[in-house]
Amino acid sequence: MTDNAGQERDRVDPADDDVDDADAADATGTDAADATGADATDAAAEARDDADADATAAAGTDAGDAGGGSVPGPDVGADVPEDVAKYDRFQKMERAEYDRVNEFLRERTYVTAREWAIARLCADFRTETGVEMTKIGENLPRLVPFMTDTYTPQAVNQARASFEEKVRKAGATFLYGAMCGFFTAEDLDDTMYEVTEVAKFLLEVEGVDLAVEEELEAEDKISSVMRDVREASAEVRGEEVKCPECGHVHEPE
């Protein structure tokens with residue numbers, strides 16, 4: 001994503017993000033309806049609702065919000081807070097363009113590039129009294145190379161809320177898939193491997209150095225937890241019975 005970025009960096013207004021979000025959401029809603037046999041109209045309407053929510057988060061505006069979600073870029077001569085000047089979380093993406101980052105995430109996750117970047121910043125600039133949303137918004141282009149405009153505190157907060165909501169929905173979807181018996185244990189292992197690789201890549205892009213031993217340990221823990229989830233859900237559904245003495249699993253009569 002970094003080496004092949006274009007020589008020219010297009011300025012991306014937060015509102016432009018949501019044109020792509022709307023297209024992606026509409027396409028997702030349509031594909032999902034076709035794949036499942038659900039009513040296409042209802043799916044498309046739901047997708048548009050999600051896109052509208054993203055649009056509000058990006059613009060950071062409503063009828064009474066005069067400031068807008070973005071304001072002109074930062075004054076290069078302005079004083080920069082020390083922690084902002086030292087922040088180098090996304091430096092591996094120095095030449096990346098927003099659209100390419102957004103496309104990469106859209107293909108592998110539910111979140112946009114805007115939501116990913118702001119969620120990371122909210123975690124890093126958290127204090128005892130809360131998140132420094134004003135500092136994040138005012139210095140967004142300095143903190144994240146592929147973000148080219150500053151944000152209002154309201155827009156930062158809305159992007160963070162959108163990220164949290166998508167994580168909860170994705171988590172519920174995945175956990176249901178693991179518990180409903182649709183996937184075998186091997187299927188779950190394959191799925192966990194794939195999603196773990198994507199998550200590790202994003203962490204590495206952010207500048208986190210993951211040792212091989214730490215990666216293997218994390219994967220083992222995740223696999224162990226997923227096996228426990230599957231066994232517990234099977235017992236709840238009454239599909240398998242495990243002997244407490246020998247551990248043999250058999251089908252209930």
Inset, instruction - Kindly give the heavy-atom pair with the smallest separation between V205 and W116, and that separation in Å. - result: CG1-CH2, 3.9 Å
Legend entry - Heavy-atom closest pair, residues V80 and A85: CG1-N, 3.9 Å
Inset, instruction - Please work out which of the three classes, parallel, tilted or perpendicular, describes the rings of F201 and F104, given edges at 30° and 60°. - result: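 Taking F201 first and then F104, their aromatic rings sit tilted (interplane angle of 30° to 60°).
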Inset, instruction - Fit a plane to each ring of Y98 and F146, take the angle between them on a 0 to 90° scale, and name the class: parallel (under 30°), tilted (30 to 60°) or perpendicular (over 60°). - result: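 Taking F146 first and then Y98, their aromatic rings sit tilted (interplane angle of 30° to 60°).
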I'd like to know if the side chain of [X] and the backbone of [Y] have a donor-acceptor N/O pair within less than 3.5 Å.
X    : Y    : value
N157 : P153 : no
K92  : E204 : yes
E164 : A161 : no
S224 : D220 : no
K166 : V111 : no
D124 : L121 : no
N102 : A113 : yes
S162 : Q158 : no

Inset, instruction - Step by step, work out the side-chain contact (heavy atoms from CB on, under 4.5 Å) result for M147 and F90. - result: CA-CA 11 Å; M147 300 296 291; F90 292 95; over 6 Å; no
Inset, instruction - Would you sort out whether Y176 and F182 count as a ring-ring contact (aromatic ring centres under 6.0 Å, His included), showing the intermediate values? - result: CA-CA 9 Å; Y176 170 74; F182 180 84; 9.4 Å; no
Inset, instruction - Consider only side-chain heavy atoms of I, L, V, M, F, W and Y, link residues closer than 4.5 Å, and tell whether L202 and M93 are in one cluster. - result: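 The answer is yes; both residues are in one hydrophobic cluster.
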Inset, instruction - Establish whether F183 and V195 are linked, either directly or via other cluster members, by ILVMFWY side-chain heavy-atom contacts under 4.5 Å. - result: no
Heavy-atom side-chain contact between [X] and [Y] under 4.5 Å:
X    : Y    : result
L140 : T148 : no
F174 : T191 : yes
R160 : M133 : yes
V156 : C122 : yes
K135 : D83  : yes
Y151 : R114 : yes
D189 : M192 : no
R89  : L143 : no

Inset, instruction - Any chance you could measure L105, atom CG, to R100, atom CZ, to the nearest 0.5 Å? - result: 12.5 Å
Inset, instruction - Calculate, to the nearest 0.5 Å, the distance between atoms CD and CD belonging to E97 and E103 respectively. - result: 11.0 Å
Legend entry - Neighbour count >12 (heavy atoms, 6.0 Å) for atom CD, E107: yes
Inset, instruction - Evaluate the criterion salt bridge (Lys or Arg N to Asp or Glu O under 4.0 Å) for residue pair K200 and E197; output intermediate values, then yes/no. - result: CA-CA 5 Å; K200 288 191 301 184; E197 288 300 304; 2.9 Å; yes
Inset, instruction - Examine the side chains of E138 and T150 and answer whether a donor and an acceptor come within less than 3.5 Å of each other. - result: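 Per modelled atom types, E138 and T150 side chains form no pair under 3.5 Å.
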